[in-house]
2 protein chains.
Amino acid sequence: MAVATTSKKQNIINIAAGLFRKNGYKATSIRDLAAAVGIEPSSIYSHVSSKEEILAEICLDSARRFSEGMDKTEKTFKSPADKLHALIQLHLEIAYVFPGSIVVFNGEWKHLPDDRLKEFITSRKNYETRFKSILEAGKNQGVFTFDNAEIVFNIIIQSLTWPYEVSRKYGKAALQTELTNFIMRSLNKNP
Amino acid sequence: MAVATTSKKQNIINIAAGLFRKNGYKATSIRDLAAAVGIEPSSIYSHVSSKEEILAEICLDSARRFSEGMDKTEKTFKSPADKLHALIQLHLEIAYVFPGSIVVFNGEWKHLPDDRLKEFITSRKNYETRFKSILEAGKNQGVFTFDNAEIVFNIIIQSLTWPYEVSRKYGKAALQTELTNFIMRSLNKNP
DNA sequence: CCTACCGATCGGTAGG
DNA sequence: CCTACCGATCGGTAGG
């Protein structure tokens, strides 16, 4: 017997993430998912309790990845510039290795049931707060220049949130170089 | 009799754009739309032939606005910097006055039927080509600096594509100032 | 993991 | 613009 690399449940969720990304959550039926997995529709419910639960696992898994990435970034780097640099890499890394993150970027989290939605938004706000702190620290130290940290945070997040197909056209390295240059040049007070 | 400001059809499409933006195209039923308009579901079909047609009108209207904005920009301004500045304003202007554009930004155009999808993508590619020409001209004239025009185009477009609720938190003026500074500083070869 | 099935809702039509 | 309705598809359950 081979060592299990992914549980059947996780496998279903991964396949669902791919379908949600391509066609959207609402446009993907349990029947579509079952066909892609290779089982009968009702068998999906042996592994997950509902379609909403699948979405919740995808969204909260993505949120967890960002949260842990932020933990590591804060611990590993001292200067705001180094931290920001690491966060740019984090976003691209997650987008490239975890297809479910694209589902989140596409805004499908709006279909989460109330309790999960609250959980997700809380995690997101926490990430935003920590990100803005890094920007503010850079401004206070005289290395970053901008007016409104919240607006700049959103600009950066948006610039890092690419449609899946577009992002795949270029190598991760090329994307990372251009994005890092673009963002860092913008914020750099003393070029 | 009052002068008709918007046709009943256009009114339905505008209301649909609001619902598609908030809940998504697939998650918005004809029944939801009819209730928002204040008529019975079947009456929707006295004004539009299908749900897909509503989406097509929204997406192609948005595409037309961008195309016409690009026409005007190319005619009115000479320097790449002035043109880029105008395009930033164009994006924010459209996002603020036309709710349907947000539907497009949210990627709902993926649900267009084949022929309309082709039409939409063609218009989009045309816009991209013209936008990249402006970037390349700036690079050739030694005023812009970047590696890959296509990647930079996508970065700029993404940075201008905000979730509706977030963008409404700040005044249009504040958003415009910060975005213009952010993008122009990035590209500016001689700060 | 399957067969068989259910109630709800969907986009859309007939006919006035 | 409405009443009345249709076939298709949906998420999910029962029972094995």
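Proteins come first, then strands; the chains are lettered A, B, ... in the order of their sequence lines, and each starts at number 1.
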Item to check | A:D115, CG: over 12 other non-hydrogen atoms inside 6.0 angstrom | outcome: yes

Checklist entry - Between C:dG12 atom P and B:E52 atom CD, what is the distance in whole Å? => result 7 Å

Next on the checklist: Whether B:K72 and B:E68 form a salt bridge (side-chain N of Lys/Arg under 4.0 Å from carboxylate O of Asp/Glu) is what I want to check.
Outcome noted: no

Checklist entry - Counting only side-chain N and O atoms of B:K51, is one of them less than 4.0 Å from OP1 or OP2 of C:dC10? => result no

Checklist entry - Does one side chain, of B:S29 or B:D32, offer a donor that lies under 3.5 Å from an acceptor on the other? => result yes

Checklist entry - When you look at B:E52 and B:R116, which way does the salt bridge (Lys or Arg N to Asp or Glu O under 4.0 Å) test go after all the steps? => result CA-CA 9 Å; B:E52 278 179 343; B:R116 302 302 202 117; over 6 Å; no

Checklist entry - Atom CG of B:L33 to atom C1' of C:dC10: distance rounded to whole Å? => result 14 Å

Item to check | d(CG, B:N11; P, D:dC1) in whole Å | outcome: 10 Å

Next on the checklist: Let me spell it out: for each of A:E40 and A:R31, pick the nucleotide of DNA chain C with the closest heavy atom. Which residue's pick is nearer the 5' end?
Outcome noted: A:E40

Checklist entry - How far apart are the C-alpha atoms of B:F66 and B:H91, what are their side-chain angles, what is the distance that settles it, and do they pass the ring pair (Phe, Tyr, Trp, His ring centres under 6.0 Å) test? => result CA-CA 8 Å; B:F66 278 102; B:H91 275 254; 4.7 Å; yes

Next on the checklist: I want to check one thing: is the phosphate of C:dC10, taken as OP1 and OP2, less than 4.0 Å away from some side-chain N or O of B:S29?
Outcome noted: yes

Checklist entry - Is the shortest side-chain N/O distance from B:K8 to OP1 or OP2 of D:dC1 below 4.0 Å? => result yes

Checklist entry - Atom CD1 of B:I30 to atom P of D:dC6: distance rounded to whole Å? => result 20 Å

Item to check | Separation of D:dG12 P from A:D32 CG (nearest whole Å) | outcome: 14 Å

Checklist entry - Can you check the A:H111 NE2 to D:dC10 C1' distance for me, whole Å? => result 15 Å

Checklist entry - Under a 4.0 Å N-O cut-off, is there an ion pair linking A:E128 with A:K132? => result yes

Item to check | Length of the line joining A:Y45:OH and C:dA4:P, which is rounded to integer Å | outcome: 19 Å

Checklist entry - Taking only N and O in the side chain of B:S43, is any of them less than 4.0 Å away from OP1 or OP2 of D:dC2? => result yes

Checklist entry - Going through the checks in order, is the salt bridge (Lys or Arg N to Asp or Glu O under 4.0 Å) test met by A:K83 and A:E74? => result CA-CA 7 Å; A:K83 284 178 184 169; A:E74 288 174 337; over 6 Å; no

Checklist entry - Choosing from C:dC2, D:dG12, C:dA14, which nucleotide comes nearest the side chain of A:I39? => result C:dC2

Checklist entry - Is A:S46 near enough to C:dC1 that one of its side-chain N or O atoms lies under 4.0 angstrom from OP1 or OP2? => result no

Checklist outcome for this item: A correct dot-bracket answer for DNA chain C, with pairs being Watson-Crick or G-U at under 3.5 Å, [ ] for crossing pairs and | for inter-strand pairs, is ||||||||||||||||

Checklist outcome for this item: Atom CD1 of A:I44 and atom P of D:dC10 are separated, to the nearest Å, by 13 Å

